[in-house]
Amino acid sequence: MKETEKAPLRYDFAEAEPRWQKAWEERGCFAAPDIPPPGARKYYVLEMFPYPSGRIHMGHVRNYTLGDVVARYKRARGHLVLHPMGWDAFGLPAENAARERGVHPAAWTYGNIATMRAELKRMGLSIDWSREFATCDPEYYGKQQKLLLDFLRAGLIERKESWLNWDPVDGTVLANEQVIDGRGWRSGAPVEKRKLSQWFLKITAFAPELLSALEGLTRWPERVRLMQANWIGRSEGARLTFPLAEPVDGITGVEVFTTRPDTLFGMSFLAVAAEHPLAAAAAARDPKAAEFVAECRRMGTSEAVIEAAEKRGHDTGFRVVHPFTGREYPVWIANFVLMEYGTGAIFGCPAHDQRDLEFARKYGLPVTPVVLPPGADPASFAIGDEAFTGEGTAFNSDFLDGLDVAAAKRAAIARLEEIGAGRGVVNWRLRDWGISRQRYWGCPIPVIHCEACGVVPVPESDLPVLLPEDVDFSVPGNPLDHHPTWKHVPCPACGRPARRETDTCDTFVDSSWYFARFCSPKAEVPVLRAAADAWLPVDQYIGGIEHAILHLLYSRFFARAMTATGHISLSEPFAGLFTQGMVQHESYKGADGRWLYPTEVEKRPDGTAVHRETGEPVTIGRVEAMSKSKRNTVDPDAIIGRYGADTARWFILSDNPPERDMEWTEAGVAGAFRFTQRVYRMVAGAALPPPGTPVPEGASRDLRRITHRTIAAVTEALETFAFNVAVARLHELANAIEDARDADPAARREAMEAFARLISPMMPHLAEELWTLLRPGTERLLAEEAWPEADAALMAADTVKLAVQVSGKLRATIEVPVGADEAAIFAAAEAEENVIRALGGRPIRKRIHVPGRIVNLVA
RNA sequence: GCGGGCGUGGCGGAACAGGUAGACGCAGCGGACUUAAAAUCCGCUUCCGGUGUCCCGGAGUGCCGGUUCGAUCCCGGCCGCCCGCACCA
């Protein structure tokens, strides 16, 4: 290009983005006080804080972009916005790094945080960084220990012996929910069952409330509420005891939970879990029983999936007595009975439970129907391959005969209670939350074990219980446990030598109350009450669907437990929840079958791909969630370096609705980048009158209409998380401004100023840059400006286009003045050549007019 | 198995409250500019058909049917996909 020609106007994002980030910081644009001033309209936006794994990934970029759009938008709407960031910094990877590379977990973690903080800052997020903390900061976990002591005092923590999932690779206990398909959720190793003494948070104490309060969470996705309801799993039924015909090892009876007490007369066996005491008793006597129990334990749940259909059991030879009939039934050990659910024992009624039926058929146990389907003949009704689980009438059931299922349940429970054999109960699937981890890099549980005094809480004046820094990772097991001195302390009660608890907390504990700590992150107490009362609940929480159950349920529990212990007054921590989809990418395989990074692959115009260096053909695989193993990842930092943060943000928002999975494509980013350059040229190249120049009355109505309609549409879209729609509307506005080169300059200024304001939540740096072009020398940053208001009068049109249908089929469109009377509209419609042709001389039987939309002439 | 969701061009998707289906973008095609390319700009782009300059007709939102003047939207029945829970007694 020759020098004399107009130089291309180029937006230098690499220069501009850091400059604006600095300007926001210097002006303190995003700082929020612990205690909002009176009359402030608060809005608390929170994204799930990251685990400091080393580098940020595209999932983070998406998550924090979504939150930042909300935060910036709400701020422009006049809210006082709290938008903090922190680090979910305890956890196993730090210890793995210590073992593998000899770097201390703290050094590894804080090093990663420094890297990731810098990466996040490059995104231009409107975060109040003065509130930042990491859960591994002693200032944070010390406050958490205070909470745990209060919970202990309030009876919300207890120590229990129980069967637990043991991860042999991680050498730690897992919560049931951390076991996925019988494998540890982190290690992937098959989980074993062990009996250990552990600390539990009594989440079950809040089960009824955690369930019922879901109804009020109207700004949560329905499916998350449903998943939580299923997880809590309320079911009504009866607990009853079957006396053993002969006591075994002092056990005189077996307690059973059932939701179908109405089918008690259809019993044909009793079955217990492999971990049940009666199974142990059987195993002690009978090697074959022992073998079966061992097999069940080995099997865990993972093998169960493989052998899903296979119901297996072992007859113990023990017999129980039916409380109603006095008849005796065999006691089996069965692989499908769970020790963790109900009482670990069931009575089997094969006629009306599919699993029991399969079991009975396999072992030749009797099948007696006791519920008669409507219209069936009691004399001939029999069970085939399918158990009957529907509504019906009790029969073969003595005093229950003739009752429907619900009435029979009530009657059976009443009789059980009358004879003292059982009672009606509500059973919950939810179990208490085991928080003990035999790990170093976690929050120490602040108690001391004394031989004389038992469990003694650490005095609050001794908090925080700090992790020792000199730890040895060369031996397996818990470094805290084999630290030479750390655990040896005098008992706070009696002063004699005692032992510190060496278990640390599940990291889900850390993330269960960080939302509250953010309100007053420097406070000497866990939460400054006034700050929490003012800021909580979180108005909009944003994160991945993978936390739909655990993290959110635990946080809901913490809100209640902290309320019960006086720290806050809150039931629900998150008033609004948005769950984003994953970021996906095509995967690539080289000629040798190895996965290739997108940066190693060159796409050809014909849709094929080759290796960038070797030129060898590349197989294009499925589009799937970015993962290191498939190497289908894109490094956010590289993208930001190449295109800028605004481009990355804009593409992420434009691709599709944020709740769905999105596909990251090189072409998509490039398109977003072109748009940033285009709008910069548009504004920079425009000849505009001075700011504040009024638009002459009646001038450039079309452009002004689009401007104001876009303001309304983008506002609506941002309110409803329809960010992709907001992007589309802004494309349209940009197109309209470019097309309207000859429009009134003041109207063009109005349009461009609206444009800059409307893109500011999504592309904040570019928006600031446009703003200085539009308002040279302005004192105020766009980040400090208010959201534009749509003028309804300017949105309105003089004429309206109507679709004209003949018998429901589109035949023409007519343009009529707004408010034209119906007769004139019908006349215009019927005068259309195409309409006349379509009518073909037939008389019009019916005329329909929907103002502003359609005319339908029915022939 | 139970529960929930989804299905619209080559692709991502849009469509107020039952009212012109396919906005906007990506990709593609054609053209302008250029020695050439990149960049940029202009145009076309659901499918089929008709002597497609302006145009007209038909089909069309997974499939079949229904309600309605009119259905992507409501109802019934299928098919497919996705997610959650899964021996839950």
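Lettering of chains follows the sequences in order, A, B, ..., and the numbering in each one begins at 1. Note that the structure is predicted; figures quoted are calculated from it, not measured.
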[X] side-chain N/O to [N] phosphate OP1/OP2 under 4.0 Å:
X	N	answer
A/R660	B/G13	yes
A/R853	B/C16	no
A/R234	B/C88	no
A/R674	B/A27	yes
A/N834	B/C56	yes
A/N656	B/G25	no

What's [X] touching, base or sugar-phosphate or nothing? Going by heavy atoms closer than 4.0 Å.
X	value
A/R847	nothing
A/K801	base
A/N724	sugar-phosphate
A/R239	nothing
A/V256	nothing
A/I848	base
A/S654	nothing

Given RNA chain B, 5'-ward residue of the pair A/V858 and A/Q805, judged by closest heavy atom = A/Q805
remark   = Judged by nearest nucleotide, the residue sitting upstream toward the 5' end of RNA chain B, A/R429 or A/E738, is A/E738
A/R729 (side chain) and B/A23 (base): donor-acceptor pair under 3.5 Å = yes
key: Base B/C85 to side chain A/N230, donor-acceptor N/O within 3.5 Å cut-off   = no
Compare the minimum distances between each of [options] and the side chain of [X], then state the nucleotide with the smallest one.
X	options	result
A/N856	B/G70, B/A89, B/G84	B/G70
A/L226	B/G3, B/A89, B/C24	B/G3
A/N735	B/C83, B/C24, B/C16	B/C24
A/L338	B/U40, B/C87, B/C83	B/C87
A/R678	B/C41, B/A15, B/C85	B/C41
A/I854	B/U20, B/G57, B/A14	B/U20

message = With a 6.0 Å cut-off (strictly less than), is the heavy-atom count around CZ of A/R223, excluding the residue itself, greater than 12?
response = no
query = Can any side-chain N or O of A/E236 pair as donor or acceptor with the backbone N or O of A/V426 at less than 3.5 Å?
reply = no
Please give the nucleotide sitting opposite [N] as a Watson-Crick or G-U wobble pair, both distances under 3.5 Å, or none.
N	answer
B/G65	B/C75
B/C47	B/G58
B/U53	none

task = Decide, for B/G60, between syn and anti: a glycosidic angle within 90° of 0 counts as syn, anything else as anti.
result = anti
message = Could you report the tightest heavy-atom contact between A/A648 and A/I639, atom names first, then the distance?
response = CB-CG2, 4.1 Å
note = Tightest non-hydrogen contact, residues A/V272 and A/A345, listed as CG1-CB, 3.9 Å
task = Report the relative orientation of the aromatic rings in A/W650 and A/F675; use parallel for angles under 30°, tilted for 30 to 60°, perpendicular for over 60°.
result = parallel
query = Can you tell me how far the CE atom of A/M662 sits from the CD atom of A/Q584, to the nearest 0.5 Å?
reply = 9.5 Å
